[in-house]
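Below: one structure, written as C-alpha cells.
Every number for a ligand or one of its atoms is a count from 1 in the order of the listing.
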Amino acid sequence: MAILHILEFPDPRLRKIAAPVTVFDDKLEDLIDNMLETMYEANGIGLAATQVNVHKRLLVIDVSEEKDSPQVFINPSFEVIEEELSEYDEGCLSVPGFYETVSRPSGIRVVAQDKSGEKIELEVEGILATCIQHEIDHLDGKLFVDYLSALKRNRIRDKLEKEHKKSA
Ligand code: NI
C-alpha cells in the first residue's frame with residue numbers, strides 16, 4: 001500500500017470532471033486500498049479519487065468513531081429523499097485547516113457499485129449523507145468552498161497559496 005499525494009485548493013486539477021469506472025480489476029482494488037490508507041493517515045472521513053489526481057468516479061468514506069468501517073462507492077449518484085437541510089462544519093483534506101458551515105439535504109438515497117461492480121443502494125442521513133454529497137461534489141470538480149461567499153473563498157485561497165509558496 002502507499003500514501004498518495006493529496007491535491008490542495010486552488011489546484012486546477014481539483015476542477016476536473018471524473019469519468020465513470022468501467023473496469024473492476026486488481027488495479028482498482030489497489031487504488032481503493034491506497035486511498036483508504038491515505039485517508040486514514042490524514043485523519044479524514046472521506047476521500048474522492050479526484051483528490052489524489054485520479055479522475056475516476058470513486059470514493060472512500062469512514063465516518064465511524066473507531067475508524068474500522070471503510071465504505072467504497074464507485075460511480076455513485078444520489079437523489080434527495082429528505083429536503084430539510086442539515087448544517088455541518090465541513091472540512092476537506094484538499095482545503096487543510098479550514099472548516100466552514102455548509103447546508104445540504106439531510107437524507108439521500110445513494111446508488112453506486114462496490115469494488116466488484118455489484119450494485120449498492122442505500123438510504124442515509126446525518127453525517128454520512130453530508131459526507132457522500134461532499135465527496136460526489138469532488139467527482140464533479142466542486143469543493144465545499146464553492147458554497148461560501150466569494151470573499152471567504154478567496155481568503156482561504158490566498159492563505160493556502162501562501163502556504164504552498166512557503167513549502168515549495
Ligand atoms: Ni473534500
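- Sorted by first and then second residue, the side-chain hydrogen bond (donor to acceptor under 3.5 Å, both in side chains) pairs with a member in residues 23-46 read Tyr40-Asp62; sequence neighbours excluded.
- Between His164 atom NE2 and Lys159 atom NZ the span is 13.5 Å, to the nearest 0.5 Å.
- For residues 95-114, every residue pair satisfying the salt bridge (Lys or Arg N to Asp or Glu O under 4.0 Å) rule, not counting sequence neighbours, is listed here: Glu79-Arg109, Glu90-Arg104, Glu100-Lys152, Arg104-Asp137, Arg109-Glu123.
- By the criterion of a separation under 2.8 Å, the protein N/O/S atoms near the Ni ion (ligand 1) amount to Cys92 SG, His134 NE2, His138 NE2.
- Side-chain atoms of Ser86 never come within 3.5 Å of backbone atoms of Gly126 as a donor-acceptor pair (strictly under, hydrogens ignored).
- Proximity of a side-chain donor or acceptor of Gln51 to a complementary backbone N or O of Ala48 within less than 3.5 Å is detected.
- Annotation: side-chain contact (heavy atoms from CB on, under 4.5 Å) contacts of Glu161 (sequence neighbours excluded): Pro10, Arg157, Asp158.
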